[in-house]
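Read through the structure below, which is laid out as structure tokens, and then see the notes.
Please read all numbers here as calculations on a predicted model, not as lab measurements. Every chain is numbered from 1 and lettered A, B, ... according to where its sequence line falls, protein lines coming before strand lines.
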There are 2 protein chains.
Amino acid sequence: MSEDKAARGSVRTITDLARLAGVSPGTVSRALAGKSLVNAKTREKIESLAREHGFRPNQMASGLRRQKTGVIGVVIPLGHDTRQQISDSFFMTLLGHLADELTREGYDLMLRRVVPEDDADWLDRFIGSGMIDGVIVIGQSDQFERIEDVADGYLPMVVWGNHTQGQRHCVVGTDNRLGGKLAAERLIAAGATRLAFLGDTGPMEFAARFAGARDVAERLGVPIMALPTHLSPDRASAEIARHISAIDGQVDGIFAATDTLAALCLTELRARGLVVPDGVKLVGFDDLPIARQTVPPLTTVRQDIAAGARGLVQLLLRRLGGDETESLVLPPQLVIRHSA
Amino acid sequence: MSEDKAARGSVRTITDLARLAGVSPGTVSRALAGKSLVNAKTREKIESLAREHGFRPNQMASGLRRQKTGVIGVVIPLGHDTRQQISDSFFMTLLGHLADELTREGYDLMLRRVVPEDDADWLDRFIGSGMIDGVIVIGQSDQFERIEDVADGYLPMVVWGNHTQGQRHCVVGTDNRLGGKLAAERLIAAGATRLAFLGDTGPMEFAARFAGARDVAERLGVPIMALPTHLSPDRASAEIARHISAIDGQVDGIFAATDTLAALCLTELRARGLVVPDGVKLVGFDDLPIARQTVPPLTTVRQDIAAGARGLVQLLLRRLGGDETESLVLPPQLVIRHSA
DNA sequence: GCGCTATTTGCAAACGTTTGCAAAATTCCT
DNA sequence: AGGAATTTTGCAAACGTTTGCAAATAGCGC
């Protein structure tokens with residue numbers, strides 16, 4: 001084994017290595033950076049010495065000098081239910097794909113969860129830290145205006161969320177309104193005649209899903225009501241239970257804002273002896289893994305999370321290059337299983 | 001609004017701010033760092049100027065000078081099924097808690113997924129990058145030896161995983177062997193007489209779970225077999241299906257390495273008309289959210305993920321302070337629901 | 001061997017912050 | 001008021017890289 005502990009400790013800086021190789025630090029830097037202006041033999045010598053001593057250039061110093069860090073910030077603004085979202089399997093899946101994409105492009109990922117209520121300055125602080133070359137915001141939460149403000153003066157930012165006409169920040173996301181339409185259409189096609197939307201209509205994405213469903217309902221003359229529900233699993237169960245007993249018999253088609261909510265809803269419906277889809281039809285949103293494991297498996301509106309992550313990263317890269325990119329709206333897809 | 005765009009752009013460095021305040025950069029630095037050696041009035045002036053111009057000190061420069069970054073690396077080594085783990089809801093939940101804990105302690109989190117097979121140097125590279133003050137490794141995968149090697153020369157590292165007698169790296173994790181025992185005992189108490197372990201026994205955690213179950217089975221004279229299964233959901237389903245038809249009638253108690261596998265198994269069992277728990281008993285591991293949503297809800301062995309995250313962070317902090325901390329083994333807890 | 005150009009190298013100044021040390025200003029005591 | 005003790009400041013040298021510029025070396029045709 002060539003890199004024993006002694007060797008590993010001894011040569012920490014590019015200058016150490018330069019001394020060993022009998023050249024100047026500048027040359028070592030150039031050699032390691034793979035620049036063309038260094039003699040093939042010198043380069044080889046330097047590279048082998050570097051390997052031998054397990055040397056790696058200090059990224060902080062490099063970052064400082066070059067004014068770029070090779071790190072992309074990923075920030076998750078948490079809404080009112082503070083602890084909610086990170087356990088949400090949707091966000092997590094997106095994060096996983098983002099990590100993959102960024103790694104593939106040679107970037108590191110710095111993750112931050114923030115509570116905008118406690119820290120109005122969350123976005124500027126992150127951007128201004130000098131630690132990141134660009135930022136991906138996962139979810140607009142209730143921070144639309146703040147994000148718009150920042151977008152005016154800071155190019156390398158891309159946001160996962162909902163697109164609204166004329167907004168100034170670059171966003172990637174599913175066409176939630178269309179998704180809502182698909183869901184409502186399916187419920188009605190499956191025979192539902194009185195609809196309900198289960199979820200929190202505060203966040204823009206959810207509001208758009210509801211709006212899409214309402215469009216369809218109104219067009220077809222079907223009533224639809226909102227059943228406001230928090231997303232944190234502990235609160236949600238109780239709220240859903242209450243909703244279900246309240247609407248008893250007045251609703252035969254439920255559109256849940258999320259598969260997670262749909263799954264909980266399924267459990268509560270079963271507990272009250274309501275049969276899905278015979279008594280009540282149910283449609284979810286996201287097509288998370290859980291959707292195919294419920295009983296019955298969920299009919300849901302699929303978001304292509306992998307494509308979303310790819311889009312976020314590609315757009316961000318172009319913005320890092322100076323482009324003013326447009327937003328990217330992805331098409332949702334209805335996946336019919338057995339709950340509606 | 002005090003920080004308009006002009007202001008935001010103009011004062012980027014501590015020197016700019018010093019000029020504005022009519023003091024030297026050193027004083028500004030001290031004021032912003034909250035040191036006691038600066039006059040109350042000067043400090044106030046500097047702070048208000050900083051606020052007004054939205055100034056934030058550059059973390060790279062600060063990190064370079066102080067030789068610490070305020071960033072903790074979190075690295076997830078991926079095993080053979082490359083894409084597997086990040087979507088695994090267990091890892092994700094742990095990551096969420098880690099993010100919270102680290103934030104609370106004032107650290108940022110840098111996330112890296114690595115494929116050790118492609119990059120033997122994954123751990124040294126991360127540590128040597130100079131970007132992180134310490135590292136948390138999530139899962140030993142098949143990299144036990146590599147981690148041991150590094151542990152000898154690098155203090156601020158804590159690993160999530162399995163504890164084995166006499167190992168040299170500091171680990172936090174559940175007592176998997178005990179967990180396996182609990183699972184097997186429950187299966188047998190529920191009436192099972194021929195057991196099977198469903199999962200991959202390659203990773204140490206899973207091997208220990210299997211070993212624990214085998215201990216019990218052998219002691220009680222009950223046969224137990226291993227049903228090797230990959231963890232990636234796509235492959236797992238098919239493999240489980242195959243296992244189930246292969247063992248038809250020869251097994252009446254299944255211990256799944258993970259709730260995720262257990263849930264898939266439940267689906268496959270149902271598809272083959274086997275009733276849980278009447279025909280086959282089933283016990284999972286982790287107590288993920290999904291465990292309470294399956295039909296029937298899963299009996300499982302609970303890992304306290306939040307406590308694990310807390311432990312990882314606390315131990316790491318002590319190591320950053322120079323302590324040689326011991327490992328932390330958490331007790332698993334049997335959660336009895338309806339699948340066994 | 002001599003000019004000439006083309007490659008390689010070294011030098012030194014950045015990048016923006018922190019901090020030991022010494023100088024200056026202030027306070028306190030008699 | 002005078003000096004000592006104390007608080008507050010400024011100076012300048014780091015931290016480890018990168019890079020423009022100029023110097024040195026090598027290559028080449030004659």
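- Residue contacts for A:Lys35: at a heavy-atom cut-off of 4.0 Å it reaches the sugar-phosphate backbone alone, with no base atom in range.
- B:Ser62 comes within contact range of the sugar-phosphate backbone alone, with a heavy-atom separation under 4.0 Å but no base atom that close.
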Item to complete: May I have the step-by-step check of side chain to side chain donor-acceptor pair (under 3.5 Å) for B:Gln314 and B:Glu101, ending in yes or no?
Response: CA-CA 9 Å; B:Gln314 291 309 319; B:Glu101 292 295 325; 4.7 Å; no
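- A salt bridge is defined here as a Lys NZ or Arg NE, NH1 or NH2 lying under 4.0 Å from an Asp or Glu carboxylate O, and B:Asp121 with A:Arg56 meets this definition.
- For D:dT17, its base never sits under 3.5 Å from the side chain of A:Arg65 at any donor and acceptor pair.
- Contact of the B:Ile72 side chain with the B:Leu316 side chain is registered, since non-hydrogen atoms from C-beta on lie closer than 4.5 Å.
- Put simply, A:Gln59 has no side-chain N or O that comes within less than 4.0 Å of OP1 or OP2 on D:dG16.
- For B:Glu105, the CD atom counts as densely surrounded, since its 6.0 Å shell holds more than 12 non-hydrogen atoms of other residues, nucleotides or ligands.
- Residue B:Lys41 is classed as having no contact, given no heavy-atom separation below 4.0 Å to the nucleic acid.
- Between the side chain of A:Asn58 and the backbone N or O of A:Met60 there is at least one donor-acceptor pair closer than 3.5 Å.
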Identify the pairs formed between an N or O of the protein and an N or O of nucleotides 7-12 of chain C at a distance under 3.5 Å, and give each distance.
from	atom 1	to	atom 2	distance (Å)
C:dT9	OP1	A:Thr42	OG1	2.7
C:dT9	OP2	A:Asn39	N	3.2
C:dG10	OP2	A:Ser24	N	2.6
C:dG10	OP2	A:Ser24	OG	3.1
C:dG10	OP2	A:Thr27	OG1	2.9
C:dG10	N7	A:Arg30	NH2	2.9
C:dG10	O6	A:Arg30	NH1	3.4
C:dG10	O6	A:Arg30	NH2	3.2

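- In this structure, of D:dG16, D:dT17, C:dT17, it is D:dG16 that holds the atom nearest to the side chain of A:Leu64.
- Distance alone, capped at 3.5 Å, is enough to place a donor-acceptor pair between the A:Gln140 side chain and the A:Asn162 backbone.
- In this structure, CD of B:Gln67 is placed 13 Å from C1' of C:dT19, rounded to the nearest angstrom.
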